[in-house]
Amino acid sequence: MKAVILAAGQGTRMRPLTDRRPKVMLPIGNKPILEHIIDEAVDAGIQEFVIVCGYMENSIREYFGDGLQKSVSIEYVLQEKQNGTGHAIGCAEDYVDDRFIVLNGDMLISSVQIKNLIDRSEDAVLTAKEVEDPCNFGVICTGGEKVTRIVEKPENPPTNLANAGIYLFPQAIFDHIRRTPESPRGEIEITDSIQMLIDSGASVGYEVFRDVWIDIGRPWDLLTANKHVLFGLEGNIEGEVEPNATLKGEVIVGEGTVIRNGAYIIGPVVIGKDCDIGPNCFIRPSTAIGDNVRIGNAVEIKNCVVMDNTNIGHLSYVGDSVIGQDCNFGAGTKVANLRHDGRTIRVMVKGEKVDSGRRKLGVIMGDDVHTGINTCINVGCVLKTGRCTGLGEIVK
Ligand code: TTP
């Protein structure tokens, strides 16, 4: 059975992290989100993939190629304009025959969930996750074993079953996609096409996820997903660890990396290739450090994603943050990551303040940001790609 993966979206809620890469190529546990999905699908027995790409598609093609490295086949379809999830699936029509699986490219799931779907016998199967507030999701209404209705982002959700974005579809879905009108937000929504499929009399079942399912839409979702992935990793040392460095728990150290004396690392932590770590730094759990990164003297870092070629050289604290590529922290740069009033931290997303629901959240830093010495960054700040701060600047 083939899997179609939707990876064309612009990831506007993830900006500035998606200024220079598609959302699906953002790293969790030092691997693109999309690679986690492909690996889980392979474990479930899928060997043929169709990736629908659009926004910055070249980086996806260059990274995965024809799939040979993973012993699978990967074909690419271009969705020139991101006209919605239904439109994206429609683009794959000529690439699939028979029933097929659809996976959103921006979530973390396990192979078991995909396997459960493959084994089902109904015409189509949707997946759902029970959530507290389903208002921002498609919501599934059920009657016995079947789906009776699917409603996009309802004000008064009829159930708490959120559409989890993994589907088993028959060929007939393409006829319905072709006849699906644009939604009020101007997109061809797959939920509308699914409703048409249900109305045509097809048997549409559902599967409720009890296992991991993390929808990665906002920057702090990366931290949630990263933490989850790191807790499943096994330590492995390929680089050099000097005799007086301390590594506890599961720590991965990539080839060409040096961990200098006095570094104290508590796993789970993953450190990529060719990094220079220490001397005398403290790396705490749930931190993923990309390739060619420098973490220097008297730097403390916890629960972070740090992308390639970034330099946090001296005297810094960085917690609960996502740091882009090619950034440079001036000595003494500190990131606040906890509100004193115990309230949750709000973050600017697409021009609006959004409650992250987190009590701890540091900075979301785009690529190529340079901070002046003694810069202080307040909780939940977003620093745009290429931003520079001055000496002693306070970023609120
Ligand atoms: P969304 O998260 O709804 O959209 P997005 O990825 O563009 O993000 P944002 O809302 O922040 O701008 O998309 C869900 C999945 O579907 C995701 O994997 C991207 C994919 N997608 C497409 O492939 N084509 C499309 O036209 C749309 C809208 C989404």
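All ligand and atom numbering here is 1-based and tracks the order in the structure. In what follows, residues are counted from 1 in the order of the sequence shown.
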Per-atom filter on ligand 1: closer than 4.0 angstrom to a heavy atom of Thr12 are 9 (P), 11 (O), 12 (O)
Less than 3.5 Å between some nitrogen or oxygen of Thr85 and one of ligand 1, yes or no? no
So salt bridge (charged side-chain N to carboxylate O under 4.0 Å, His left out) across residues 125-135, not counting sequence neighbours, yields Glu130-Arg210
If you scan protein heavy atoms around atom 10 (O) of ligand 1, the nearest is Arg13 NE, 3.1 Å
For residues 150-171, please give each side-chain donor-acceptor pair under 3.5 Å, one per line with the distance, not counting sequence neighbours.
| from | atom 1 | to | atom 2 | distance (Å) |
| --- | --- | --- | --- | --- |
| Glu152 | OE1 | Thr191 | OG1 | 2.9 |
| Thr159 | OG1 | Ile140 | O | 2.7 |
| Thr159 | OG1 | Leu161 | N | 3.2 |
| Asn163 | OD1 | Gly165 | N | 3.1 |
| Asn163 | ND2 | Tyr167 | OH | 2.9 |
| Gln171 | NE2 | Val96 | O | 3.1 |
| Gln171 | NE2 | Asp98 | O | 3.0 |

Counting both backbone and side chain atoms, is some N or O of Gly105 under 3.5 Å from an N or O of ligand 1?
yes
Atom 6 (O) of ligand 1: closest protein heavy atom, distance to 0.1 Å, is Lys23 NZ, 3.2 Å
Kindly confirm or rule out an N or O of Gly11 lying under 3.5 angstrom from an N or O of ligand 1. yes
- Compute whether any side-chain donor of one residue and acceptor of the other, for Asn292 and Asp274, lie under 3.5 angstrom apart. no
message = Can you confirm, on distance only, whether ligand 1 has an N/O atom lying under 3.5 Å from any N/O atom belonging to Ala8?
response = yes
>> Ignoring hydrogens and geometry beyond distance, is a side-chain donor-acceptor pair present between Thr344 and Asp355 at under 3.5 Å?
In response: yes
Item to complete: Examine Leu6 against ligand 1 and note whether any of their N/O atoms are separated by less than 3.5 Å.
Response: yes
Any heavy atom of Val24 under 4.0 Å from ligand 1? The part involved is neither
